[in-house]
Amino acid sequence: MKTLIIGGVAGGASAAARLRRLDENCEIIILERGEYVSFANCGLPYYIGGDIKNRSDLTLQTPESFKARFNIDVRVNNVATAIHPDINSVSVTDLRSGKSYEESYDYLILSPGAEPIRPNIDGIDNEKVFTLKNIPDTIKIKNYIEKNHSKTAAVVGGGYIGVETAENLKKSGLEVTLIELSDHLIAPLDFDMAADVHRYIKDMGINIELNNGVTSIAEKGNNLKVTLQRGELYADMILLSVGVKPETALAKEAGISINKRGSIIVDRRMQTNFKNIYAVGDAVETTNFITGEPAFIPLAGPANKQGRIAADNICGIPSEYKGTQGSSVLKIFNMTVATTGLNEKSAEAAGISYDKTYTYSASHATYYPGASNMSIKVLWDKNTLRLIGAQIVGFEGVDKRMDVLSAAVRFGAKVTDLTDLELCYAPPFGSAKDPVNMAGFVAENVIYGKVKQFFWHDVDSLPRDGSVTLLDVRTKTETARGMINGFKNIPLDNLRQNLDLIPKDKPVYVHCHSGLRSYIACRILSGRGFDCYNLAGGWRLYESVINERKVPPYICTQCK
């Protein structure tokens with residue numbers, strides 16, 4: 001048996017290694033048009049910033065190591081130019097010699113990946129405009145900065161790569177402006193969770209332009225003049241990171257089924273419309289694990305799993321890919337941002353009737369030094385209580401909490417099941433009631449009517465005419481830092497002694513700093529016959545969102 005693999009990075013390399021482990025005798029050939037194989041795409045920004053100091057550390061395997069360990073023929077600088085499914089052959093050109101040849105196969109695995117989108121903007125092809133896809137791109141950027149003593153950079157696009165590259169350009173000593181067309185960075189986050197990220201990035205010295213896009217790029221002396229929809233700026237260089245698109249022209253020309261977006265259509269076995277041709281990674285259409293709908297979610301983890309699944313099926317082991325839920329984590333200086341599943345916008349687009357809660361919990365026991373709080377948002381299906389998404393922004397311990405929530409989503413847990421999880425506890429690592437448990441407790445209180453919520457986007461529309469009571473139960477020290485217009489202050493610990501100041505025939509809307517003390521206030525008031533509503537996420541979330549918002553963000557229509 002002979003298997004030919006086009007593309008030697010995540011999915012292709014994973015498929016090749018799995019094939020060899022399953023079959024010692026099959027012939028395996030990898031065609032990689034670049035000069036590197038099995039390299040760490042996700043580590044590229046950190047080489048620019050200096051966290052990864054040796055270029056060799058970005059390369060997980062070399063053609064020589066693949067041959068020595070797996071007896072796999074890896075041909076770098078060899079580009080596939082045509083696929084001939086009718087005769088099971090691929091046309092190949094060796095870029096070093098210029099010679100072309102035909103390579104036959106019994107099975108073919110396509111892992112061409114995705115390429116950076118280059119929007120139709122005047123000046124986009126300027127040599128000072130870079131994209132970041134592979135090791136040569138990384139070397140080119142780093143060499144340019146060092147050779148030209150670059151002082152300023154504009155990063156266009158506020159997704160994962162854009163934010164990571166902005167951080168690492170800043171670490172390299174450049175003044176950086178991050179430009180994003182939408183109202184917030186990191187699309188899997190909702191606007192309210194991104195607000196803390198915006199504030200932190202700006203505190204770290206990076207300028208942010210939101211709701212703003214680039215309209216043209218032009219040389220201006222030794223700089224580039226970047227004209228925006230609103231305003232302009234000057235930079236020594238530009239990093240373009242506005243997204244990627246599947247690199248599937250070769251597959252399309254061969255008659256392999258492609259969707260409207262350009263992704264290769266595969267079944268759960270990663271098989272295309274040709275029985276002996278498989279496709280994996282960023283080039284394929286996947287299924288959203290939550291909604292069951294077709295999706296394009298380019299991530300390294302799914303690509304590696306899909307490569308393994310394709311290899312299994314080629315070797316006769318029934319194996320299926322069950323969908324991508326979009327679990328991801330991002331480091332921004334010392335901050336950690338993590339998401340899984342759906343956010344509000346995607347849940348609403350899928351027609352899911354959902355609810356949400358916010359918690360603000362310490363990373364470990366607060367009496368043990370070094371604890372820091374993390375903001376957690378969870379979404380669940382109102383009808384089934386199934387956990388459908390989560391977002392966390394914080395510092396220490398964010399990643400491990402998101403891994404727990406990601407596993408809960410994968411196994412179909414209800415949000416109330418989070419209360420039952422028995423997670424590891426010792427003061428340096430967590431709390432007896434872990435932040436994940438706390439998210440479940442809060443959701444459980446909402447579901448079973450122990451508390452009624454209102455949200456940051458409801459605050460400004462609350463009447464100030466005396467028809468409702470607006471109550472702030474923070475301490476006097478806290479209120480000195482700022483108050484929401486119309487709210488009167490009665491600290492929680494004085495509430496029982498001042499109940500006569502609160503009309504019993506009017507709804508009471510209560511907030512504290514994070515939502516915890518106002519929940520206690522609501523339980524006190526509800527126990528005394530008041531109709532009480534708690535501000536989810538508290539003053540902390542409200543103040544963060546309102547102060548970071550420049551234009552109205554996306555608003556959940558189900559939550560009004």
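Just so it is clear, the values below take in all heavy atoms, side chains as well, and ignore hydrogens, waters and symmetry mates.
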Notebook entry, point to check: Should V409 and I388 count as side-chain neighbours, where that means a heavy-atom distance under 4.5 Å?
Noted result: no
### Expected output: side-chain H364 to main-chain P369 donor-acceptor under 3.5 Å
yes
ask   = Taking the side chain from N134 and the backbone from G34, do they hold a donor-acceptor pair closer than 3.5 Å?
value = no
d(K147 NZ, K140 NZ) to nearest 0.5 Å is 12.0 Å
| query | Are any non-hydrogen side-chain atoms of N212 and L181 less than 4.5 angstrom apart? | reply | no
*asked:* Is there a side-chain contact between S514 and Y358 in this structure, where contact means two heavy atoms from C-beta onward sitting under 4.5 Å apart?
replied: no
Exercise for review: Could you check if a side-chain atom of L132 sits within less than 4.5 angstrom of a side-chain atom of T165, using non-hydrogen atoms only?
Suggested key: yes
Scanning both residues in full, the closest heavy-atom pair of M237 with I145 reads SD-CG1, 3.6 Å
Here the pair of heavy atoms bringing T366 nearest to A371 is CA-CB, 4.2 Å
Residues pairing under ring-ring contact (aromatic ring centres under 6.0 Å, His included) where one sits in residues 128-155, two or more places apart or in two chains, turn out to be F130-Y144
Are E247 and K133 within salt-bridge range, i.e. N to O under 4.0 Å?
-> yes
- request: Evaluate side-chain contact (heavy atoms from CB on, under 4.5 Å) for N343 paired with K345, printing each intermediate quantity in order.
  value: CA-CA 6 Å; N343 59 20; K345 193 171 184 177; 3.8 Å; yes
ask   = Does the side chain to side chain donor-acceptor pair (under 3.5 Å) test come out yes or no for D192 and W456, once each step is laid out?
value = CA-CA 9 Å; D192 47 21; W456 62 266; 2.9 Å; yes
key: Evaluation steps, side chain to side chain donor-acceptor pair (under 3.5 Å), between Y160 and S328   = CA-CA 9 Å; Y160 294 111; S328 57; 2.4 Å; yes
Review point. Between S346 and L342, is there a donor-acceptor pair closer than 3.5 Å when you use the side chain of the first and the backbone of the second?
Key: no
Check the pair D236, N223 against side chain to side chain donor-acceptor pair (under 3.5 Å), reporting the backbone distance first and the verdict last. CA-CA 5 Å; D236 295 334; N223 300 113; 2.5 Å; yes
- Sub-3.5 Å donor-acceptor pair from the side chain of E209 to the main-chain atoms of G231, do we have one? no
message = Between D381 and K414 (salt bridge meaning N to carboxylate O under 4.0 Å), is one present in this structure?
response = no
Correct closest heavy-atom pair for A347 and L379 would be CB-CD2, 4.4 Å
Within the 4.5 Å heavy-atom criterion, are V155 and V176 side-chain neighbours or not?
yes
Interatomic distance, OG@S111 vs CD1@I5, rounded to 0.5 Å, equals 8.5 Å
The salt bridge (charged side-chain N to carboxylate O under 4.0 Å, His left out) partners of R199 (sequence neighbours excluded) come to E543, E548
Margin query: Would D458 and S461 count as a side chain to side chain donor-acceptor pair (under 3.5 Å) here? Give the steps.
Written below: CA-CA 6 Å; D458 300 319; S461 62; 5.1 Å; no
### Message
Looking at S361 and M438, would you say the former's side chain and the latter's main chain have a donor-acceptor pair under 3.5 Å?
### Response
no
dist N126:CG -> L240:CG (nearest 0.5 Å) comes out at 12.0 Å
Taken in chain and number order and not counting sequence neighbours, the residues that satisfy ring-ring contact (aromatic ring centres under 6.0 Å, His included) with H513 are none
Sequence neighbours excluded, the answer for side chain to side chain contact (heavy atoms under 4.5 Å, CB included) partners of S327 is Q325, T340, S406
- So, does T248 use its side chain to make a donor-acceptor pair with the main chain of A251 at under 3.5 Å? no
Can you tell me if R33 has over 12 outside heavy atoms packed within less than 6.0 Å of its CZ?
no
Check the pair V197 / I332 against side-chain contact (heavy atoms from CB on, under 4.5 Å), numbers first and verdict last. CA-CA 9 Å; V197 180; I332 312 169; 3.7 Å; yes
Residues pairing under ring-ring contact (aromatic ring centres under 6.0 Å, His included) where one sits in residues 324-346, two or more places apart or in two chains, turn out to be none
What one should report as the nearest heavy-atom pair of M270 and I309 is CG-CG2, 3.9 Å
All heavy atoms of A154 vs all of I179, minimum pair found to be CB-CD1, 4.2 Å
**Message:** Quick one, L405 and L418 - any side-chain contact, counting heavy atoms below 4.5 Å?
**Reply:** yes
K128 meets the salt bridge (charged side-chain N to carboxylate O under 4.0 Å, His left out) criterion, sequence neighbours left out, with E219
Practice item. Could you give me the CA-CA distance, side-chain angles and deciding distance for Y360 and M374, then say whether side-chain contact (heavy atoms from CB on, under 4.5 Å) is met? Key: CA-CA 6 Å; Y360 193 57; M374 65 184 76; over 6 Å; no
Residues passing the ring-ring contact (aromatic ring centres under 6.0 Å, His included) test with F66, sequence neighbours excluded, are F70
query: Would you say the side-chain atoms of D122 pair up with the backbone N or O of T215, donor to acceptor, closer than 3.5 Å?
result: no
Residues 197-237 vs ring-ring contact (aromatic ring centres under 6.0 Å, His included), sequence neighbours excluded, gives Y200-F395
I want to check something: taking the side chain as every heavy atom from C-beta on, are I30 and I6 in contact at a cut-off of under 4.5 Å? no
With sequence neighbours left out, the residues meeting salt bridge (charged side-chain N to carboxylate O under 4.0 Å, His left out) with K225 are E232
Pair up each side-chain donor or acceptor in residues 283-291 with any protein partner under 3.5 Å, not counting sequence neighbours, and list the distances.
from : atom 1 : to   : atom 2 : distance (Å)
E285 : OE1    : N259 : ND2    : 2.8
T286 : OG1    : T324 : OG1    : 3.2
N288 : OD1    : I290 : N      : 2.8
N288 : OD1    : T291 : N      : 3.1
T291 : OG1    : E293 : N      : 3.2

Discussion item. Go through it in stages, so that I can follow the logic: the residues are K377 and I392, the test is side-chain contact (heavy atoms from CB on, under 4.5 Å), and I'd like the CA-CA distance, side-chain angles, deciding distance and then a yes or no.
Written reply: CA-CA 6 Å; K377 179 178 184 177; I392 309 181; over 6 Å; no
Salt bridge (charged side-chain N to carboxylate O under 4.0 Å, His left out) filter on E167, not counting sequence neighbours, yields K171, K331
Open item on the list: Whether the side chain of S363 engages the backbone of S372 through a donor-acceptor N/O pair (distance < 3.5 Å, no angle test) should be reported.
Closed with: yes
Residue pairs passing the salt bridge (charged side-chain N to carboxylate O under 4.0 Å, His left out) test with at least one member in residues 173-182, sequence neighbours excluded, are K170-E175
query = Sub-3.5 Å donor-acceptor pair from the side chain of S65 to the main-chain atoms of T62, do we have one?
reply = yes
Report task. Output yes when a side-chain donor or acceptor of N437 lies under 3.5 Å from a complementary backbone atom of K433, and no otherwise. Result -> no
Would a 4.5 Å heavy-atom cut-off, applied to side chains only, mark L185 and L178 as touching?
yes
Notebook entry, point to check: Would you call the rings of W539 and Y542 parallel, tilted or perpendicular if under 30° counts as parallel and over 60° as perpendicular?
Noted result: tilted
